[in-house]
Engineer: 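Sharing a structure, written as structure tokens. Questions coming.
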Amino acid sequence: MSRPSRISVSLAVSVISLALAAPSFAASDKAFLKKAMQGDNSEVRLGKLAAQKGSSQGVRDFGHMLDMDHGMHKDKVATLASSMGENATDDITPQAKLEDRKLQGLSGPKFDREFAQYMVKDHKHDISDYEKQARGKGPVADLARDTVPTLRKHLETAEQLTRGG
């Protein structure tokens, strides 16, 4: 085999290897984006509920913050997902469905306490997921990296509310 043919074969093997590797990377990005949209939808729904039912101004304000921040974030996630050929989802997480039902039956300080405690737990989990995704490269990792500070702000606010702040 002449030298150019070996290079051509080597190049073809490299291109095929990259093509085979790309779908699994893209699949993990798509899965992250779907989960992120569900998380955003969950935060918007629970945030709106807290803005309506919260007994303290702090819980109502936090609910409004979640509604606004996660609504804007979902738009970014949906746009990125669309560029990858994925459809947006309006689903919420199974955990949020359970929490929504639980919160519907509560009022006053019990509502506030349950809401804040759930948001602490949920945001710790979200931060962990986003930090893992942020270690990668590409637009999904960039989005995750850019989102972590907002999630940390939400966690800090939820923690303050659990302390009565």
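In this text the structure is predicted, and so the values were computed from the model without any measurement.
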Engineer: Go through the structure and list residues passing salt bridge (charged side-chain N to carboxylate O under 4.0 Å, His left out) with Asp146, not counting sequence neighbours.
Structural biologist: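 For Asp146, no residue satisfies salt bridge (charged side-chain N to carboxylate O under 4.0 Å, His left out) once neighbours in sequence are set aside.
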Engineer: Going by the rule side-chain contact (heavy atoms from CB on, under 4.5 Å), which residues pair with Lys76 if we only count those two or more places apart in sequence or in a different chain?
Structural biologist: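 side-chain contact (heavy atoms from CB on, under 4.5 Å) check on Lys76 returns Leu143.
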Engineer: Rounded to the nearest 0.5 Å, what separation is found between the OG atom of Ser42 and the CG atom of Asp91?
Structural biologist: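 Going from the OG atom of Ser42 to the CG atom of Asp91 covers 9.0 Å.
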Engineer: Using a 4.5 Å cut-off on heavy atoms from C-beta on, say whether the side chain of Leu151 contacts that of His70.
Structural biologist: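 In contact.
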Engineer: Testing the basics here: between Gly58 and Leu161, what is the closest heavy-atom pair and its distance to 0.1 Å?
Structural biologist: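 Taking Gly58 first and Leu161 second, the nearest heavy atoms are C-CD2, 3.8 Å.
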Engineer: Quick one: pull up CG in Asp40 and CG in Asp67 and give me the separation to the nearest 0.5 Å.
Structural biologist: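 Nearest 0.5 Å value for the CG-CG distance: 11.0 Å.
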Engineer: List in chain and number order the residues that pass side-chain contact (heavy atoms from CB on, under 4.5 Å) with Arg135, two or more places apart in sequence or in another chain; answer none if no residue qualifies.
Structural biologist: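 Arg135 satisfies side-chain contact (heavy atoms from CB on, under 4.5 Å) with Lys132 only.
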Engineer: Taking 4.0 angstrom as the limit, do Asp90 and Lys74 come out as a salt bridge?
Structural biologist: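 So Asp90 pairs with Lys74 through a salt bridge.
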Engineer: Starting from Leu155, can I reach Val44 by hopping between I/L/V/M/F/W/Y residues whose side chains sit under 4.5 Å apart?
Structural biologist: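 Each belongs to a different hydrophobic cluster.
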Engineer: Do side-chain atoms of Lys35 reach the backbone of Thr93 as a donor and acceptor pair under 3.5 angstrom?
Structural biologist: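 Not at all, since once roles are kept as given, no pair shorter than 3.5 Å links the two residues.
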Engineer: May I have all residue pairs that pass ring-ring contact (aromatic ring centres under 6.0 Å, His included) and include part of residues 91-110, sequence neighbours excluded?
Structural biologist: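 ring-ring contact (aromatic ring centres under 6.0 Å, His included) check on residues 91-110 returns no pairs.
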Engineer: So, are Asp100 and Lys97 salt-bridged, with charged N and O less than 4.0 Å apart?
Structural biologist: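 Answer for the salt bridge query: no.
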Engineer: Of all heavy-atom pairs between Met84 and Asp29, which one has the smallest distance, and what is that distance?
Structural biologist: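 Shortest heavy-atom separation between Met84 and Asp29 comes out as CE-CB, 3.5 Å.
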Engineer: Can you name the closest pair of heavy atoms from Gly63 and Ala50 and give their distance?
Structural biologist: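 In this case the closest contact between Gly63 and Ala50 is CA-CB, 4.0 Å.
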Engineer: Hey, are the side chains of Asn87 and Ser82 touching, using non-hydrogen atoms and a 4.5 Å cut-off?
Structural biologist: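 Not touching, per the 4.5 Å side-chain cut-off.
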Engineer: For Glu156, enumerate each residue passing the salt bridge (charged side-chain N to carboxylate O under 4.0 Å, His left out) test, keeping only those at least two apart in sequence or located in another chain.
Structural biologist: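 For Glu156, no residue satisfies salt bridge (charged side-chain N to carboxylate O under 4.0 Å, His left out) once neighbours in sequence are set aside.
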Engineer: Which is it for Lys48 and Leu66 under the side-chain contact (heavy atoms from CB on, under 4.5 Å) test, yes or no, and what are the steps along the way?
Structural biologist: CA-CA 8 Å; Lys48 285 181 179 182; Leu66 292 173; over 6 Å; no
Engineer: Using a 4.5 Å cut-off on heavy atoms from C-beta on, say whether the side chain of Phe111 contacts that of Leu49.
Structural biologist: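 Yes, at least one pair of side-chain atoms sits under 4.5 Å.
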Engineer: Grab the two heavy atoms, one from Met37 and one from Ala88, that are nearest each other, plus how far apart they are.
Structural biologist: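 Where Met37 meets Ala88 most closely, the heavy atoms are SD-CA, 3.6 Å.
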Engineer: Atom CD of Gln95 and atom CD of Gln38: how far apart are they, to the nearest 0.5 Å?
Structural biologist: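 These two atoms lie 9.5 Å from each other.
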Engineer: Mind checking what makes salt bridge (charged side-chain N to carboxylate O under 4.0 Å, His left out) contact with Asp69, not counting sequence neighbours?
Structural biologist: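 With neighbours one apart ignored, the set is Lys153.
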Engineer: Applying side chain to side chain donor-acceptor pair (under 3.5 Å), can you list everything that pairs with Gln57, at least two apart in sequence or on another chain?
Structural biologist: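 Gln57 satisfies side chain to side chain donor-acceptor pair (under 3.5 Å) with Arg60, Asp61 only.
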Engineer: Please name all residues satisfying ring pair (Phe, Tyr, Trp, His ring centres under 6.0 Å) with Phe32, sequence neighbours left out, ordered by chain then number.
Structural biologist: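 Counting only residues at least two positions away or on another chain, Phe32 forms a ring pair (Phe, Tyr, Trp, His ring centres under 6.0 Å) with Tyr130.
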Engineer: Do Leu46 and Tyr118 have side chains that get closer than 4.5 Å, going by heavy atoms?
Structural biologist: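 They are in contact (side-chain heavy atoms under 4.5 Å apart), so the answer is yes.
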Engineer: How about Leu103 and Lys53: do any of their side-chain heavy atoms sit closer than 4.5 Å?
Structural biologist: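 A side-chain contact under 4.5 Å is absent here.
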Engineer: If you round to the nearest 0.5 Å, how far is CG of Asp122 from CD of Gln117?
Structural biologist: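 The CG atom of Asp122 is 13.5 Å from CD of Gln117, to the nearest 0.5 Å.
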Engineer: About how many Å separate CZ of Phe115 and OG of Ser55, when rounded to the nearest 0.5 Å?
Structural biologist: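 Going from the OG atom of Ser55 to the CZ atom of Phe115 covers 12.0 Å.
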Engineer: When you compare the side chain of Met119 with that of Thr162, does any pair of heavy atoms fall below 4.5 Å?
Structural biologist: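 In short, these two side chains do not touch, never coming nearer than 4.5 Å.
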Engineer: Listing request: all ring-ring contact (aromatic ring centres under 6.0 Å, His included) pairs with a residue in residues 131-151, at least two apart in sequence or in separate chains.
Structural biologist: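 Not a single pair qualifies under ring-ring contact (aromatic ring centres under 6.0 Å, His included).
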Engineer: How would you list, by chain and number, every residue that makes a salt bridge (charged side-chain N to carboxylate O under 4.0 Å, His left out) with Asp75, sequence neighbours excluded?
Structural biologist: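 Here no residue qualifies.
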Engineer: Which residues pass the side chain to side chain donor-acceptor pair (under 3.5 Å) test with Thr147, sequence neighbours left out?
Structural biologist: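 Expected list: His73.
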Engineer: Which salt bridge (Lys or Arg N to Asp or Glu O under 4.0 Å) pairs, counting each pair once, include a residue from residues 103-121, with sequence neighbours left out?
Structural biologist: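 Non-adjacent pairs meeting salt bridge (Lys or Arg N to Asp or Glu O under 4.0 Å): Lys102-Glu114.
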Engineer: I'd like to know whether Phe62 forms a side-chain contact (heavy atoms from CB on, under 4.5 Å) with His154, so could you lay out the CA-CA distance, the side-chain angles of the two residues, the decisive distance to 0.1 Å, and finally the verdict.
Structural biologist: CA-CA 8 Å; Phe62 183 44; His154 292 174; 4.1 Å; yes
